[in-house]
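Structure first, then comments.
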Amino acid sequence: MTGPQVFRVALDMPLRRVFDYLPPKSPAPPTNAAASGAPSASTPAVSAPAIEPGARVRVPFGRQRLIGIVVEIASSSDLPAERLKPILEVLDSRPILDTPALGLLRWAADYYHHPIGEVISAALPKALRLGASSSSTEERWSATAQGREAHQRGEPKRAPKQRKLLEFLVARDAETAATLTGHVPNWRDAARSLIARGWIGSMEVSPETNDAPSGAQTSGPTLAEEQRSAVEAVGKALNQYGTFVLHGVTGSGKTEVYLQLVERVLTQGRRALVLVPEIGLTPQLVGRFRERFGVPMAVLHSALTDHERLLAWREAFSGRARVVLGTRSAVFAPVPDLGIIIVDEEHDSSFKQHEGGFRYSARDLAVVRAQRADVPVLLGSATPALETLNNVTTSRYARLTLPRRADQAAPPRMALVDLRANAIHAGISTPAIQAMERHLKEDGQVLVFLNRRGYAPTLLCTACGWVAPCSECDARLTVHMSAGRLRCHHCGADGPLPTRCPQCGFAVKPVGQGTERIEETLATLFPGVSLARLDRDVVRKRTDMEEVMRRMASGEARILVGTQMVTKGHDFPNVTLVVVLNADQGLFSTDFRAPERLAQTIVQVAGRAGRGTRPGEVLVQTEFPGHPLLLNLLSEGYDGFARAALEERAQAAWPPFSRLAAVRDSAPTAAAALEFLTEARKLAKAPRSVKLLGPVPAAMAKRAGRHHAQLLVESSDRTALHRFLEAWLPEVEQLHSARRVRWALDVDPIELF
Ligand code: ADP
Ligand code: ZN
Ligand code: ZN
């Protein structure tokens with residue numbers, strides 16, 4: 001059909017299409033438009049504002065009414081006019097997604113081959129998807145002139161609750177919904193009848209906003225030479241796209257570089273978007289931004305309630321927030337007049353959304369967003385991802401290096417300890433114990449790293465060989481001694497800790513080490529030395545973390561035992577010795593990225609230690625002291641490791657020298673999980689440049705009672721890969737077996753298991 005405007009609307013559903021609607025029937029102003037003046041009941045109907053792409057609309061869909069986003073306005077539809085239904089309601093007078101935002105989301109939908117409706121939905125706070133107002137206005141209720149007359153006549157006579165509400169509003173003008181709730185319980189029912197009679201009405205008013213000053217509140221330190229040239233390199237390209245990799249060890253002053261660049265952007269009257277891996281672990285960074293600028297900030301992270309997230313989003317959307325700081329999904333946050341994007345710890349795997357339907361890399365999307373917005377993006381890390389370093393090699397990204405620590409500390413000395421050639425006491429080698437004694441005697445602190453929480457990873461019966469298994473996963477249960485529980489770290493199963501073997505009745509014993517047991521061992525090895533532990537079992541809230549930091553900073557605790565948690569955010573300036581208890585998990589994994597993660601972890605842990613005149617020492621325990629990756633890391637640092645690791649990737653044609661996409665699924669049975677992927681593979685008409693590998697069961701096939709499998713699609717030709725996926729996926733979706741599994745596509749997967 002041709003004729004009037006057709007609105008293409010994206011709805012939150014797993015369908016690769018948009019839906020056409022006609023304009024709304026009667027011109028009605030948007031419900032959320034910030035009206036001023038008289039209450040709406042007495043406001044004459046104004047002409048309908050133009051509906052722009054990016055605005056929310058309520059539309060009929062079958063028997064439901066759904067909220068969707070207008071993504072396009074067309075002059076014709078493939079459907080005949082009589083089949084099209086009109087939009088029921090327009091929720092936004094100003095689009096909540098502007099043209100660049102919609103553009104980015106459409107790009108993401110294409111690149112990740114995911115339905116646009118679900119992509120948009122992932123980018124918006126839940127409250128907005130349910131229809132909340134995009135502006136932080138308050139509802140204010142008043143009686144109308146007719147309402148006042150009616151009240152004088154003593155109406156409404158037979159509805160005491162309505163009379164009470166009307167009376168209240170006649171006496172007090174412009175009351176908030178909250179006040180009404182306090183005085184007239186369930187007043188909204190009564191209000192409906194009064195509105196219908198034109199006796200009361202509401203309007204939306206903006207709450208008082210006080211404009212905070214912009215510009216620096218406190219000034220930072222004088223920059224070192226390398227910091228200054230980094231700021232200059234990005235600073236002179238502020239109004240154009242460029243990806244810069246800020247590569248500097250922990251403590252080299254990366255955050256200072258961020259702060260100075262953000263200051264320049266603020267001075268221009270523009271705004272900054274800062275992405276961080278986990279807010280809970282980096283409260284220091286948020287604090288430094290707040291202190292430095294004293295401008296309104298919006299902080300978006302996963303621990304917010306839906307309402308808090310809405311409020312933070314509004315701060316960003318309205319432009320009141322000058323700095324928007326957040327975790328992964330904040331890459332979609334609205335930032336008017338965006339001037340720069342910063343991604344801190346860009347190598348961190350939490351930037352990758354690897355659950356649910358829409359799987360994306362926030363780091364990669366940040367680069368795309370910067371490109372589309374013509375602004376620079378800064379990727380900071382002590383251990384940049386190999387992909388990122390390869391982009392430096394191919395000159396797509398520019399590298400800025402901060403080679404020294406800002407506090408003049410020398411880089412730590414690193415050495416390997418051969419676990420096969422030394423006596424081991426419950427996971428700790430004699431050389432490591434001697435080094436700990438030495439450092440403690442010299443008044444240093446010690447950090448012991450083990451990436452496994454709990455007491456022991458295995459509960460074993462030495463009589464019959466029984467090992468406590470998780471009934472829902474292909475995994476053993478972890479012993480948690482002080483809690484007296486056996487827990488599965490994969491599905492959360494939790495049961496009492498048995499003392500006897502359920503099979504033969506013999507006594508069972510914990511085998512292997514977790515942080516809880518290492519803490520116990522250290523307590524017996526170093527009696528009288530105060531210990532602290534940092535893992536998810538002991539740190540449940542922010543204050544727990546602060547308490548550990550306080551005990552370490554004051555010197556009250558001398559040894560800290562921790563998991564991956566110690567590698568993030570915090571520095572331990574008085575730590576002079578770091579012991580990595582086991583480096584070997586990363587060396588022989590089936591996942592080609594495991595060595596990269598291992599090297600990053602070692603460098604990150606090592607970087608937490610030492611400051612000032614006390615150089616740090618790092619001991620890495622391993623059964624493979626001759627492993628080339630470890631030797632490389634030791635002799636040439638992360639750069640040397642990265643060079644060797646990239647060479648290996650090139651030889652094996654793994655990313656970044658090829659492109660990958662994984663179709664992953666799970667089902668109640670292993671057969672069903674494989675069947676779907678096998679059928680999907682049969683449908684594939686792949687060109688010669690695109691290879692399909694699998695399907696194979698996942699390395700840990702059974703998790704939380706479901707069986708997982710995956711099919712890899714690989715190509716050195718990105719365009720060919722995406723063209724293939726585009727043609728193939730709609731057919732895969734139609735498979736009957738697809739309904740018996742849960743499946744998702746993961747483009748550029750970072751974990752292969
Ligand atoms: P990173 O982000 O690389 O870990 P930071 O920016 O946090 O490094 O700097 C580490 C420490 O050194 C901080 O305490 C910071 O205040 C300080 N610092 C950074 N740059 C300078 C400088 N140019 N002069 C003095 N101190 C600095
Ligand atoms: Zn037994
Ligand atoms: Zn389990």
Side-chain angles (χ1 to χ4, degrees), residues 218-231 245-262 274 276-277 282-289 291-292 342-346 378-384 400-409 454 457-478 485-495 498-509 511 553 567-573 603-604 606-612 700-708:
T218 58
S219 54
T222 312
L223 292 186
E225 186 55 38
E226 292 91 356
Q227 286 174 309
R228 199 162 46 235
S229 53
V231 170
V245 179
L246 186 62
H247 185 179
V249 296
T250 308
S252 61
K254 294 186 294 296
T255 310
E256 274 307 322
V257 172
Y258 305 157
L259 289 165
Q260 298 258 354
L261 283 167
V262 168
V274 182
V276 296
T282 50
Q284 289 172 336
L285 188 78
V286 180
R288 274 170 79 179
F289 272 84
E291 258 167 51
R292 184 64 63 84
I342 289 163
V343 184
D344 188 33
E345 307 290 358
E346 66 90 32
L378 191 57
L379 308 177
S381 177
T383 52
L400 309 165
T401 311
L402 302 181
R404 265 182 295 279
R405 295 185 53 136
D407 48 25
Q408 308 297 322
T458 305
L459 185 67
L460 174 77
C461 169
T462 46
C464 76
W466 175 83
V467 164
C470 176
S471 60
E472 300 301 304
C473 305
D474 290 336
R476 292 169 177 182
L477 293 170
T478 300
R485 310 294 289 178
L486 263 182
R487 289 182 185 143
C488 177
H489 289 187
H490 304 281
C491 71
D494 188 346
T499 51
R500 309 227 145 250
C501 172
Q503 221 160 255
C504 73
F506 200 77
V508 287
K509 70 172 205 185
V511 177
T567 65
K568 310 208 172 169
H570 298 279
D571 290 345
F572 304 97
V603 174
Q604 294 279 349
R608 302 293 144 186
R611 184 179 278 188
M700 187 191 291
K702 190 176 165 203
R703 284 199 305 279
R706 294 182 67 86
H707 294 262
H708 297 250

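Since this is a predicted model, take the numbers as computed values, not measurements. Start at 1 with the first residue, then count along the sequence. Order of appearance sets the numbers: ligands from 1, and atoms from 1 within every ligand.
For the residue pair His708 / Arg703, a side-chain donor-acceptor distance below 3.5 Å is found, with atom types taken as modelled.
In summary, Arg292 and Glu256 engage in a salt bridge, as defined by a charged side-chain N under 4.0 Å from a carboxylate O. Between Glu225 and Arg228 there is a salt bridge, since at least one side-chain N of the basic residue sits less than 4.0 Å from a carboxylate O of the acidic one.
Evaluated by nearest non-hydrogen atom to atom 15 (C) of ligand 1, the leading choice among Glu225, Arg288, Gln227, Lys254 is Arg288.
Here the SG atom belonging to Cys470 is positioned 13.5 Å from the CZ atom belonging to Arg487, to the nearest 0.5 angstrom. Note: Leu459 CG to Leu477 CG = 8.5 Å, rounded to the nearest 0.5 Å.
A distance-only check finds a donor-acceptor pair linking the side chain of Lys702 to the backbone of Ser471 [under 3.5 Å].
Rounding to 10 degrees, one finds that the Zn ion (ligand 2) sits at the corner of an angle of 110° between Cys501 SG and Cys461 SG.
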**OP:** Evaluate the side-chain contact (heavy atoms from CB on, under 4.5 Å) criterion for residues Gln604 and Glu345: first the C-alpha distance (whole Å), next the side-chain angles of each, then the deciding distance (0.1 Å), finally the verdict.
**Re:** CA-CA 10 Å; Gln604 294 279 349; Glu345 307 290 358; 3.6 Å; yes
Subject >> Verdict with reasoning, Tyr258 to Asp344, per side-chain contact (heavy atoms from CB on, under 4.5 Å) >> reply: CA-CA 9 Å; Tyr258 305 157; Asp344 188 33; 2.7 Å; yes
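Ligand 1 has no atom lying under 4.0 Å from any heavy atom of Val257. Within the 4.0 Å heavy-atom cutoff, Gly248 does not count among the residues contacting ligand 1.
Of all the atoms in ligand 1, the ones that sit under 4.0 Å from a non-hydrogen atom of Ser252 are 3 (O), 8 (O). For ligand 1, the atoms lying closer than 4.0 Å to a non-hydrogen atom of Val249 are 3 (O).
Only protein N, O or S atoms were scored, and 4 of them lie under 2.8 Å from the Zn ion (ligand 3).
Within the 4.0 Å heavy-atom criterion, neither part of Leu402 lies near ligand 1.
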